[in-house]
Amino acid sequence: MYRQHLKPYTGKGLASTQGKIKPYIPSESLRTAVELAYYLNRPLLLTGEPGCGKTRLSESVAYEWYGEEHKKYYHTWQIKSTSKAKEGLYNFDNLRKLYDVQNKEMKAEIDYITLGVLGRAFEHDEEDKPFVVLIDEIDKAPIDFPNDLLYELEEMRFQIPELPTDHPQYSVSAKVAPFIVITSNNEKDLPAPFLRRCICHHIDFPSQEKLREILEANGYGQNQALIEEGLRVFAGIRENQHMENKRSSTSELLDWFAFLAYAMQEREEDVLKTLRAFHPKNKTGKIPYFQALLKTPQDIQIFHNNIDA
Amino acid sequence: MIAYPFFELFEQCQQENSLSIDDYMDFLHLLQTDRVSYVEEKNLRELCKLLWVKHPKRNEAFDRAFEQAWKEQEKELQASLASLPTQREQPDEIKPIPNKIAENEPKDAKDKPKNEPAKDEKEPEPTPQEKPAPQTETLYLSLGEEEGEVQDAEMQREEMLESHNFLFAKYHLTPLQDRDIQIQWRNFRKIKYIADDQEIDMDGCIEEVSKIGLLTRLHYQKKAVNEAKLVTIIDNSASMRAFKILAQQIAENISMVVQNEVYYCDNLLSQDFYTDYAERGEPIEQHEFYTQILPKKAVLLISDLGAVKGQYNSHYIEKMKQRVAEMSAIVPQIVCLNPMPKARWTNTSAYYMPFLHTWEASHEGLKSIVRFLK
């Protein structure tokens with residue numbers, strides 16, 4: 001069922017969050033994807049290079065919608081290789097029950113149940129204030145995991161078979177459907193029926209202009225020379241990195257700029273001079289603080305002349 | 001005027017992305033909302049992509065297909081989209097969609113009452129503008145044994161792939177989609193319970209306590225792992241060259257979901273096996289292949305078994321019988337996938353090999369093979 005109203009997501013207003021959350025600058029197509037997924041009441045599946053901002057989008061959506069209260073409405077479910085779909089819905093505390101049985105203090109079944117991230121989001125009942133739920137790195141999960149969530153994500157309800165069928169909580173239905181964001185690094189292909197139920201969006205690597213905007217939003221706007229030279233070096237590094245390997249990401253760029261900005265406080269000219277001396281085409285000059293950008297043996301091999309080992 | 005904007009584009013995406021009728025209905029619904037101007041090409045492209053493309057690797061191909069669809073039908077589309085009733089005006093006024101969408105709907109798609117078209121309503125007659133340009137062409141490749149002819153055929157194929165805006169260019173001409181292959185082979189499992197890697201069996205513990213009132217010992221359950229392993233051998237003879245892309249596509253996609261080792265041979269009777277089609281490199285000799293690579297793995301042969309030539313060769317059949325018997329002594333199961341349609345096996349060597357379980361390279365064929373191997 002479609003939602004009655006659209007909750008706009010502009011991505012604006014996050015450029016200055018005074019440290020409450022990191023600024024997030026979404027592309028226009030990503031904003032559309034968020035609005036579309038919300039309106040159609042479908043999970044938004046985000047893919048893209050590691051470090052491109054998949055995980056942080058959901059928090060920025062929650063922040064835009066709920067401001068200071070965003071943590072109250074924002075919940076994450078970090079998927080691991082051992083995760084089971086049921087864990088996101090509810091947990092039945094077998095150990096506690098075992099202990100109670102041994103002590104002859106058996107309680108009602110409902111007392112051994114705690115709701116998981118999705119379960120809590122389904123229980124939430126504030127009109128027009130749906131929970132934002134992040135299911136992070138779903139491709140880490142076992143192969144059957146996405147299929148085990150099909151029914152729950154489509155119907156927005158689930159059952160707790162440990163309870164008697166006439167128990168009021170035997171069937172849990174979403175009072176206000178949560179907005180669900182799912183991220184994947186494409187380590188495993190997700191099953192077609194699962195994909196069909198999602199709005200899928202691939203976050204492309206940002207353009208130079210967008211990167212500049214991101215850096216400015218993160219507080220480096222005062223030093224345009226640093227942005228100019230830093231972005232040139234960064235682009236040169238990415239161009240030389242193998243497409244099939246891990247390439248330096250936006251989050252690594254931000255880390256690198258944090259290093260650079262710190263160093264600039266004491267020796268601004270040195271940093272700029274080093275940056276200017278680096279020429280990616282003929283690979284001359286040095287990359288300052290390369291450790292923030294070059295992480296694989298292949299990268300070290302490519303830039304072995306440009307780093308101080 | 002176009003009754004169903006981008007319907008042909010949706011159909012192409014539907015096959016590759018396992019879409020259901022709901023995805024087209026959502027598209028129509030969104031066109032009727034007056035929130036965004038979808039008459040603009042950019043907005044429409046974004047909307048269609050978000051709804052119908054489920055994997056980033058298909059984005060580029062989709063963009064090409066969209067561009068083509070837009071160019072061909074721009075004026076009519078704009079007129080149609082501009083004239084669509086908005087939600088405020090006529091909330092339920094959505095015309096029925098041709099039944100063929102429903103026919104193409106994946107089996108897992110759930111029936112939903114919202115705006116489903118009535119099946120008995122008559123399909124509107126398409127106007128000449130509605131008819132899209134053909135997206136596929138039948139390929140008539142020369143499949144002779146002569147190297148020159150084979151090369152010509154390969155060049156012909158490459159040229160066709162390059163010169164056409166196929167929606168999914170790499171494997172567009174093959175009868176199977178990546179996802180199709182992967183979905184089937186995900187079911188290739190041989191679950192083995194490992195005794196020395198145990199997990200606590202909570203249910204077993206609880207059951208004992210509830211039965212006798214105390215826990216005498218911790219109950220364990222064995223850990224389950226998938227031990228299914230496969231060796232794919234691709235017949236690389238001249239008659240199989242036309243199926244090179246298909247064979248590689250199948251092997252590549254199987255490798256994504258199960259433990260699969262891929263080898264090539266000049267023909268199925270060959271004594272040497274290669275790991276790389278293009279480079280070839282040092283061959284693995286038959287003895288080494290049989291003793292070190294094959295044991296305890298299922299074997300998938302991808303070969304036309306002589307069906308391409310359309311000939312019957314008793315000598316070849318006899319030799320193949322020996323080869324299959326040799327392999328069967330080492331491996332638990334051996335099956336063959338024949339890229340030639342089954343109808344074309346009649347009166348060829350492929351038809352007279354009952355000793356080798358063979359299926360054609362189709363959705364059903366893959367399904368049957370996996371079911372057989374399980």
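Each chain gets a letter, A, B and so on, in the order the sequences are listed, and its residues count up from 1. Remember, predicted model here, so these are calculated numbers, not experimental data.
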Can you tell which of B:K42, B:Q182, B:R186 has the highest number of heavy-atom pairs within less than 4.5 Å of chain A?
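Counting heavy-atom pairs under 4.5 Å, the top option is B:R186.
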Measure the [atom1]-[atom2] distance between [X] and [Y] for me, rounded to the nearest 0.5 Å.
X     : Y      : atom1 : atom2 : answer
B:E46 : A:H201 : CD    : NE2   : 7.0 Å
B:L50 : A:L40  : CG    : CG    : 9.5 Å
A:K97 : B:C205 : NZ    : SG    : 12.5 Å
B:L51 : A:R196 : CG    : CZ    : 12.5 Å

Non-hydrogen atoms of chain B under 4.5 Å away: do they reach the side chain of [X], the backbone, both or neither?
X      : answer
A:L190 : backbone
A:D144 : side chain
A:T47  : side chain

Taking atom [atom1] as the centre, does [X] end up with more than 12 heavy-atom neighbours from other residues, nucleotides or ligands that are less than 6.0 angstrom away?
X      : atom1 : value
A:K140 : NZ    : yes
A:Q208 : CD    : yes
A:K210 : NZ    : yes
A:Y99  : OH    : no

For residues A:L195 and B:H55, determine if any side-chain heavy atom of one lies less than 4.5 Å from a side-chain heavy atom of the other.
no
Side chain, backbone, both or neither: which part of B:V257 has an atom under 4.5 Å from a heavy atom of chain A?
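Neither part.
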Is the backbone N or O of A:F194 less than 3.5 Å from a side-chain atom of B:K54, with the two atoms forming a donor-acceptor pair by type?
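Checking the backbone N and O of A:F194 against the side chain of B:K54, no donor-acceptor pair under 3.5 Å is found.
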What heavy-atom pair brings B:D22 and A:R42 nearest, and what distance separates the two atoms?
O-NH2, 4.3 Å
